[in-house]
Undergrad: 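Quick one: this structure, given as structure tokens, is what I'll be asking you about.
All residue numbers refer to positions in the sequence shown, counting from 1.
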Amino acid sequence: MISTTLRSLSLALLISASASALSVVPALAEAALANAGKPAAAPAHPWMDKSLDADKRADLVLKAMTNDEKFTLIFGYFGADMKPKYTRIPESLPGSAGYVAGVPRLGIPAQFQTDAGVGVATQGSAKEFRERTALPSGMATTATWNPELAFKGGAMIGKEARDSGFNVQLAGGVNLVREPRNGRNFEYGGEDPLLAGVMVAAQIRGIQSNNIISTIKHYALNAQETGRFVVSSNIDDTAARMSDLLAFQFAIEQSDPHSVMCAYNRVNSVYACESDWLLNTVLKKDWGYKGYVMSDWGAAHSSAKAANAGLDQESAGDAFDKQPFFAAPLKADLASGAVSQARIDDMARRVLRAMFASGVVDHPLTGAPMALPAETLAAHAKITQADAEEGIVLLKNDGGLLPLAKTAKTIAVIGAYADVGVLSGGGSSQVYPVGGRAVQGLEPKTWPGPVIYYPSSPLKAIAARYPGAKVVYDDGTDPARAAKLAAASDLALVFADQWTTESVDVETLNLPKNQDATIDAVASANKKTVVVLLTGGPVLMPWLDKVGAVVEAWFPGTAGGEAIARVLTGEVDASGRLPVTFPKSVAELPRPKLDGLGKPDGEMFDVDYTLEGAAVGYKWYDLKKIEPLFAFGHGLSYTQFAYSNLTASAAGDKVTVSFDVKNVGQRPGKDVPQVYVGPKAGGWEAPKRLAGFQKVSLAPGASQRVTVTVDPRLLAVWDSKAHGWSIAAGQYDIALGASSRAITSTAQVTLAARSLPVSPAAK
């Protein structure tokens with residue numbers, strides 16, 4: 001933290017008193033917003049010609065800039081108060097993630113930044129909160145295996161961001177689930193690089209369709225929150241390129257996010273925001289990335305070192321970093337020659353290019369209301385509801401217990417505040433709910449809290465569908481009392497949750513608050529017990545054999561209660577599929593004990609990811625021949641599907657796979673057939689990899705021919721010595737199934753040895 005006086009000084013150094021600078025005076029945020037969007041003499045500026053591409057426009061305006069103006073673009077301020085330590089600058093929007101001043105003289109608007117991947121968040125210290133629509137968690141959206149839904153959800157929250165006065169959204173989390181206890185897994189896209197890359201890319205495209213800059217984060221190998229500022233994620237180049245980095249690569253290629261956010265952690269002992277390997281070699285050189293790299297809030301540690309390593313913009317440097325590195329210190333480094341003028345120009349140019357490419361310059365913001373129209377929010381609730389419905393995974397369904405019987409006269413609803421709402425994940429991604437918080441007074445009340453339940457009651461939604469039944473609620477805190485209610489009911493629905501959040505990992509995968517005991521007692525009292533889980537990721541299930549059905553509903557967002565009721569009652573099919581493996585025990589994990597637990601704050605430590613390398617998630621289970629509790633890709637439906645006529649062909653490095661999917665059940669439903677590939681001779685990190693998938697919707701008796709094309713990199717290994725991808729000659733199995741462990745048929749292709757380019761975008 002720096003004092004108000006030092007912060008004011010750094011601001012003055014940044015933007016100076018020249019005629020080209022932005023005058024920093026106390027003003028309403030809305031006034032700053034409006035002024036930032038009004039170029040002084042736009043028609044006279046050649047870079048305002050929309051017929052030119054973003055590169056040309058960035059080059060033109062860069063030439064017209066003073067150095068003070070260039071420095072303005074590469075330094076950001078926090079947008080919320082943290083009194084008494086920090087007071088936001090008045091140009092920022094209150095309770096926002098951040099602010100970067102513009103250059104009005106040249107028609108370059110300010111950047112107004114908002115968290116995060118599930119909607120428009122308000123910082124917890126704010127005096128007034130924006131009530132906005134929350135998508136289901138990133139894990140839930142990925143569980144839909146439906147890129148079209150992910151795009152629609154991204155477009156929705158991107159629209160709310162722009163309508164709220166923001167033009168930068170800190171979304172797009174794609175870190176792989178290496179550590180299932182990671183408190184931030186709920187924000188991300190699961191454990192597989194293809195699935196995560198495709199799904200997160202779709203959301204980013206949706207966000208950026210609103211003329212908004214979206215980030216992709218947290219680059220890279222940010223797999224746990226314990227010691228997140230000091231931990232070193234240690235891994236070799238080959239394993240990283242074939243796992244975590246491949247997820248980023250797929251997502252970047254498919255969505256062109258205009259900014260990459262570098263992570264808090266160290267990678268191979270070097271801070272991610274100072275890693276020449278990550279930022280310059282992999283991202284900018286190998287992948288040909290043209291956008292800019294921004295630091296996470298508090299992730300910058302130097303000026304010239306970070307700039308030379310590839311960091312382009314310091315975020316909230318006045319509030320969270322040890323000093324505002326990209327202000328006076330970087331100017332001093334420029335003067336001394338520690339950083340070149342060419343590098344400063346490149347940093348500013350990358351930010352400018354992103355602003356032109358995204359439409360931020362050509363589509364100025366017009367206002368920053370705290371409230372949005374009720375009809376807009378109602379329409380958006382339907383979008384998030386559809387997302388939640390398709391993300392809900394039916395894990396177990398003995399005897400067709402679900403959909404719920406229409407004849408039930410007494411239904412017990414137990415636990416997890418299901419009478420009033422549904423849980424959401426904590427931290428910077430927390431969206432304040434429309435209608436306010438359903439539950440008050442929960443701990444923690446401050447960061448990384450507050451714990452928030454969205455006011456979408458599963459109980460009320462279920463009761464509305466059973467007008468003749470008696471629906472009774474018990475809070476589940478007393479197992480004996482809950483069991484007594486269950487014994488007197490036709491059906492028992494136990495809702496169980498586990499709050500997970502940024503900055504804290506969970507120490508156990510068991511459900512907290514004695515919920516395992518409650519489930520066990522209820523299931524012992526009533527065989528028709530359904531467990532509905534609201535969690536950020538996998539949990540253990542010591543009671544699994546006793547219950548009739550289990551549903552994973554994740555953190556289901558604004559309309560989660562309604563979505564859960566529609567799936568439980570069969571109004572929509574259960575069509576979610578797991579994007580992450582559920583273990584039987586933490587003993588099965590590469591690291592049974594969470595690294596860093598118990599270490600003093602600030603003490604550096606390492607996590608050895610070379611242990612599993614690229615064999616993340618289901619690949620680890622396949623490699624070690626371990627049977628999981630529930631496999632990656634698993635999910636049941638209320639109907640049945642059959643696969644047939646699998647064919648596979650190879651032409652060069654292109655493999656095409658086709659097959660038929662038929663609904664052989666009695667109900668309409670949605671299925672996700674999955675294609676896996678693996679070499680007969682072995683030699684990969686694991687026996688097989690996910691190589692393709694498609695979600696299909698079929699009426700009873702209907703069938704569909706599905707064709708997927710395998711990305712050549714999923715047939716290859718990374719060769720660090722050759723610095724490229726290499727396909728080995730030989731025969732490859734093409735496997736089709738309903739999950740990574742439910743393979744129904746296989747075909748073979750023969751491939752010749754082949755070298756592939758580092759990236760299609762690389763020059």
Undergrad: Tell me the closest heavy-atom pair linking Ala143 and Val393, and the distance in Å.
TA: CB-CG2, 4.2 Å
Undergrad: Is it the case that Thr215 and Gln169 place a side-chain donor and acceptor less than 3.5 Å from each other?
TA: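 No pair is found: no donor N or O on one side chain lies under 3.5 Å from an acceptor on the other.
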Undergrad: Run Glu390 and Asn146 through side chain to side chain donor-acceptor pair (under 3.5 Å) and show every step you take.
TA: CA-CA 8 Å; Glu390 286 206 22; Asn146 187 339; 3.1 Å; yes
Undergrad: Any side-chain heavy-atom pair from Thr133 and Glu160 closer than 4.5 angstrom?
TA: yes
Undergrad: Heavy-atom distance under 4.5 Å between the side chains of Leu404 and Leu402, does that happen here?
TA: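 Yes, close enough: below the 4.5 Å cut-off.
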Undergrad: Heavy atoms, side chains only, cut-off 4.5 Å: are Ser243 and Pro193 in contact?
TA: no
Undergrad: Rounded to the nearest 0.5 Å, what's the gap from CZ on Phe641 to CG on Leu698? Could you check?
TA: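 Answer for the CZ-CG pair, Phe641 versus Leu698, is 6.0 Å.
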Undergrad: Looking at NZ of Lys680 and CD of Gln748, how far apart are the two atoms once the value is rounded to the nearest 0.5 Å?
TA: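 Answer for the NZ-CD pair, Lys680 versus Gln748, is 5.0 Å.
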Undergrad: Do Arg178 and Tyr609 meet the cation-pi criteria used here (NZ or CZ under 6.0 Å from the six-membered ring centre, within 45° of the axis)?
TA: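 Yes - Arg178 lies over the ring of Tyr609, closer than 6.0 Å to its centre and within 45° of its axis.
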Undergrad: Ion pair present between Lys152 and Asp387, side-chain N to carboxylate O less than 4.0 angstrom?
TA: no
Undergrad: For Asp573, is there an ion pair with Lys670 - N to carboxylate O distance below 4.0 angstrom?
TA: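 No, no charged N to carboxylate O under 4.0 Å.
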Undergrad: Is the Trp287 to Phe250 ring centre distance short of 6.0 Å?
TA: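 Not under 6.0 Å, so no.
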Undergrad: Under the side chain to side chain donor-acceptor pair (under 3.5 Å) rule, what do Glu588 and Tyr621 come out as? Steps first, then yes or no, please.
TA: CA-CA 8 Å; Glu588 302 169 359; Tyr621 283 79; 3.1 Å; yes
Undergrad: Check step by step if salt bridge (Lys or Arg N to Asp or Glu O under 4.0 Å) holds for Arg741 and Glu627.
TA: CA-CA 9 Å; Arg741 290 296 178 98; Glu627 185 68 28; 3.1 Å; yes
Undergrad: Can a donor-acceptor pair be found between the side chains of Asn645 and Asp660 at a distance below 3.5 Å?
TA: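 Short answer, yes.
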Undergrad: So, for Ser644 and Arg705, which heavy atoms are closest and what is the spacing to 0.1 Å?
TA: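 For Ser644 and Arg705, the tightest heavy-atom pair comes out as O-NH1, 4.2 Å.
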Undergrad: Test side chain to side chain donor-acceptor pair (under 3.5 Å) on His634 and Tyr618; report intermediate values, then the result.
TA: CA-CA 11 Å; His634 170 73; Tyr618 69 93; over 6 Å; no
Undergrad: Decide yes or no for Leu715 and Val655: does some side-chain heavy atom of the first lie under 4.5 Å from some side-chain heavy atom of the second?
TA: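 Heavy-atom side-chain distance check passes, below 4.5 Å.
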Undergrad: Has Asn397 got a side-chain atom pairing as donor or acceptor with Ala549's backbone, closer than 3.5 angstrom?
TA: no
Undergrad: Using only atom types and a distance under 3.5 Å, with no angle test, would you say the side chain of Gln208 pairs donor to acceptor with the backbone of Ser214?
TA: yes
Undergrad: Would you mind checking if Lys396 and Asp398 are paired as a salt bridge, meaning a charged N to carboxylate O distance below 4.0 Å?
TA: yes
Undergrad: Looking only at atom types and distance, does a side-chain atom of Tyr638 sit under 3.5 Å from a main-chain N or O of Ala574, one as donor and one as acceptor?
TA: no
Undergrad: Under a 4.0 Å N-O cut-off, is there an ion pair linking Asp256 with Arg205?
TA: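 So Asp256 does not pair with Arg205 through a salt bridge.
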Undergrad: How are the rings of Trp684 and Tyr732 set to each other: parallel, tilted or perpendicular (split at 30° and 60°)?
TA: tilted
Undergrad: Please answer whether the main-chain N or O of Leu221 pairs with a side-chain N or O of Asp244 as donor and acceptor at a distance below 3.5 Å.
TA: no
Undergrad: Within the 4.5 Å heavy-atom criterion, are Val118 and Phe555 side-chain neighbours or not?
TA: no
Undergrad: Between the main-chain N or O of Trp145 and the side-chain N or O of Arg577, is there a donor-acceptor pair closer than 3.5 Å?
TA: no
Undergrad: Is it the case that the side chain of Tyr289 and the backbone of Asn280 share a donor-acceptor pair, with hydrogens and angles ignored and the cut-off at 3.5 Å?
TA: no
Undergrad: Are any side-chain N or O atoms of Arg353 and backbone N or O atoms of Ala54, one a donor and one an acceptor, separated by less than 3.5 Å?
TA: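 Judged by distance alone, no pair lies under 3.5 Å.
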Undergrad: Can you tell whether the side chains of Arg689 and Asp192 come within less than 4.0 Å, N to carboxylate O?
TA: no
Undergrad: Hey, is Lys688 close enough to Asp622 for a salt bridge, meaning N to O under 4.0 Å?
TA: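 Result for this pair is yes, salt bridge flagged.
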Undergrad: Using the side chain to side chain contact (heavy atoms under 4.5 Å, CB included) definition, which of the options Val550, Leu509, Val531 pairs with Met541?
TA: Val550
Undergrad: Rounded to the nearest 0.5 Å, what separation is found between the OG atom of Ser137 and the CG atom of Asn185?
TA: 10.0 Å
Undergrad: Hey, could you give me the OG1/CG distance between Thr709 and Leu714, rounded to the nearest 0.5 Å?
TA: 12.0 Å
Undergrad: Can you check side chain to side chain contact (heavy atoms under 4.5 Å, CB included) on Leu194 and Asp711, steps first, answer last?
TA: CA-CA 9 Å; Leu194 175 65; Asp711 188 291; 5.7 Å; no
Undergrad: Testing the basics here: between Ile207 and Ala171, what is the closest heavy-atom pair and its distance to 0.1 Å?
TA: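 Minimum heavy-atom contact is CD1-CB, 3.4 Å.
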Undergrad: Answer with yes or no whether the side chains of Asp671 and Tyr643 bring together a donor and an acceptor at under 3.5 Å.
TA: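 A donor-acceptor contact under 3.5 Å links the two side chains.
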Undergrad: Using a strict 4.0 Å threshold on nitrogen-to-oxygen distance, state whether Arg713 and Glu253 make a salt bridge.
TA: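 Salt bridge present between Arg713 and Glu253.
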Undergrad: Determine, step by step, whether Asp237 and Ser720 satisfy the side chain to side chain donor-acceptor pair (under 3.5 Å) criterion, reporting the C-alpha distance in whole Å, the side-chain angles of both residues, the deciding distance to 0.1 Å, and the verdict.
TA: CA-CA 7 Å; Asp237 179 52; Ser720 291; 2.7 Å; yes
Undergrad: Between Gln640 and Asn663, does any side-chain donor sit less than 3.5 Å from a side-chain acceptor?
TA: no
Undergrad: Could you give the distance from CG (Leu578) to CD (Glu191), rounded to the nearest 0.5 Å?
TA: 9.0 Å
Undergrad: Between Pro628 and Thr581, what is the shortest heavy-atom contact and its length?
TA: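 Closest approach of Pro628 to Thr581: CB-CG2, 3.5 Å.
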Undergrad: Look at the aromatic rings of His723 and Trp718 and report parallel, tilted or perpendicular, splitting at 30° and 60°.
TA: perpendicular
Undergrad: Judged by atom type as modelled, is there a donor-acceptor pair below 3.5 Å linking the side chain of Thr384 to the main-chain atoms of Ala134?
TA: yes
Undergrad: Closer than 3.5 angstrom, by distance alone: can the side chain of Arg667 be matched with the main-chain N or O of Gly570 as a donor-acceptor pair?
TA: yes
Undergrad: Once rounded to the nearest 0.5 Å, what's the spacing between atom CG of Asn222 and atom CG of Asn182?
TA: 7.0 Å
Undergrad: Do other residues, nucleotides or ligands put more than 12 heavy atoms under 6.0 Å from Gln666 CD?
TA: no
Undergrad: Would Glu612 and Lys619 pass as an ion pair if we require N to O under 4.0 Å?
TA: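 No, this pair does not count.
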Undergrad: Find out whether Leu589 and Trp620 are in side-chain contact, i.e. whether some heavy atom of one side chain is under 4.5 Å from a heavy atom of the other.
TA: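 In short, these two side chains do not touch, never coming nearer than 4.5 Å.
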Undergrad: Indicate yes or no: at least one non-hydrogen side-chain atom of Leu534 is less than 4.5 angstrom from one of Pro556.
TA: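 Heavy-atom side-chain distance check passes, below 4.5 Å.
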Undergrad: Which pair of heavy atoms, one from Val749 and one from Ser649, lies closest together, and at what distance?
TA: CG1-N, 3.9 Å
Undergrad: Please check if the side chain of Gln674 supplies one atom and the backbone of Ala738 the other of a donor-acceptor pair under 3.5 Å.
TA: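 Checked: pair present.
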Undergrad: Report the C-alpha distance between Ile743 and Leu736 in whole Å, list the side-chain angles of each, state the deciding distance to 0.1 Å, and finish with yes or no for side chain to side chain contact (heavy atoms under 4.5 Å, CB included).
TA: CA-CA 6 Å; Ile743 302 301; Leu736 172 64; 5.9 Å; no
Undergrad: May I ask you to test the Val431-Val120 pair for a side-chain heavy-atom distance under 4.5 Å?
TA: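 Val431 vs Val120: side chains apart.
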Undergrad: May I ask you to check whether Glu552 and Thr535 show a side-chain donor-acceptor distance below 3.5 Å?
TA: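 Glu552 vs Thr535: donor-acceptor pair found between side chains.
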Undergrad: What's the shortest heavy-atom distance between Ile727 and Pro712, and which atoms?
TA: CD1-O, 4.0 Å
